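Working notes, beginning with the structure itself.
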Amino acid sequence: MEQDLPGGARLIVGVDESPAARWALAWAIGAARLHRMALVAVHVSRAPVHPFPEALPVQHAVRAGEEARCTEVITGVFEDVAGGVPDDLATFMVGRVGDPGYHLVDLAREGDLLVLGRGRRGVLSRVFLPSTSMYCARHARTTVVIVQQPSPPDDPEMSGERNRRFWTRRHP
């Protein structure tokens, strides 16, 4: 599924099924048009894979199935965000299996722009799944742009009400 990637400066965007990734893809499409850069959309599946796939014949089929699913995910997100893959951009799709942060940092080289979305995560998600955007910000050899998912309009932060600890009381 991996295509020959272009030389020169590229805009690499991490894509998954989250709302934050959709915002990052929308930003990346606009930036790629503005700066006339090739757009490389990357989806990394976290499916468990044996470190030596040759040892288990089933692992090769699992890896091939996951990489095919990566193409479907990227195409679906492009459909949601832009109505399909933009015709006016040189667009490449890359699917990998493993740790997203590692593979995104591995693909990005000097001169590239790495774009990631950052959404709201629950406590358990933060404890058990490391932040891909923070990993990339620490380890990438290139410029990293982290697009924050906007707050919904009815969110207290947007209405001007300050966050209070749950044990404080509101006095009239």
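Bear in mind that the values here come from a model prediction, so they are computed numbers and not experimental data.
Note that the CG atom of L39 and the CG atom of L25 stand 6.5 Å from one another [nearest 0.5 Å]. Atom CZ in R36 sits 14.5 Å away from atom CG in L11 (nearest 0.5 Å). Here the straight-line distance linking atom NE2 of H43 with atom OG1 of T75 works out to 11.0 Å at 0.5 Å rounding. For the atom pair OG (S45) and CG (D99), the distance works out to 11.5 Å, reported to the nearest 0.5 Å. Rounded to the nearest 0.5 Å, atoms OH (Y135) and CG (L104) are 10.0 Å apart.
When the options L113, V105, L114 are evaluated for a side-chain contact (heavy atoms from CB on, under 4.5 Å) with V144, the one that passes is L114. Just one of V40, V145, V115 meets the side-chain contact (heavy atoms from CB on, under 4.5 Å) condition when paired with V13; it is V115.
With salt bridges taken as basic N to acidic carboxylate O contacts below 4.0 Å, none links R69 and E72.
In this structure, C70 and R96 approach most closely via the heavy-atom pair SG-O, 3.7 Å. Residues E17 and V73 share a closest heavy-atom pair of OE2-CG2, 3.5 Å. Residues R109 and G8 share a closest heavy-atom pair of NH2-O, 2.9 Å. Between Q149 and P19 the shortest heavy-atom distance is NE2-CB, 3.8 Å. Across T91 and P86, no two heavy atoms sit closer than the pair OG1-O, 4.0 Å. Across R22 and D16, no two heavy atoms sit closer than the pair NH1-O, 4.1 Å.
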Task: Pair R10-L5, side chain to side chain contact (heavy atoms under 4.5 Å, CB included): steps then yes or no - done: CA-CA 9 Å; R10 308 170 299 178; L5 297 179; 3.4 Å; yes
- [ ] Report the C-alpha separation of T132 and R46 in whole Å, then their side-chain angles, then the decisive distance to 0.1 Å, and conclude whether the side chain to side chain donor-acceptor pair (under 3.5 Å) test is met.
- [x] CA-CA 12 Å; T132 301; R46 290 185 188 260; 3.3 Å; yes
Task: Worked verdict on V97 versus E66 for side chain to side chain contact (heavy atoms under 4.5 Å, CB included) - done: CA-CA 7 Å; V97 179; E66 281 300 314; 3.7 Å; yes
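Counting only N and O atoms by type, the side chains of S18 and R118 include no donor and acceptor under 3.5 Å apart.
The cluster map of Ile, Leu, Val, Met, Phe, Trp and Tyr, joined by side-chain heavy atoms under 4.5 Å apart, puts Y102 and I146 in different clusters.
Looking at heavy atoms from C-beta onward, L89 lies in side-chain contact with I29 at the 4.5 angstrom threshold. Under the 4.5 Å side-chain criterion, counting only non-hydrogen atoms from C-beta, F78 is not in contact with V15. At least one side-chain heavy atom of L107 sits under 4.5 Å from a side-chain heavy atom of V42.
Counting non-hydrogen atoms of neighbouring residues, nucleotides and ligands closer than 6.0 angstrom, the CZ atom of R33 exceeds 12 such neighbours.
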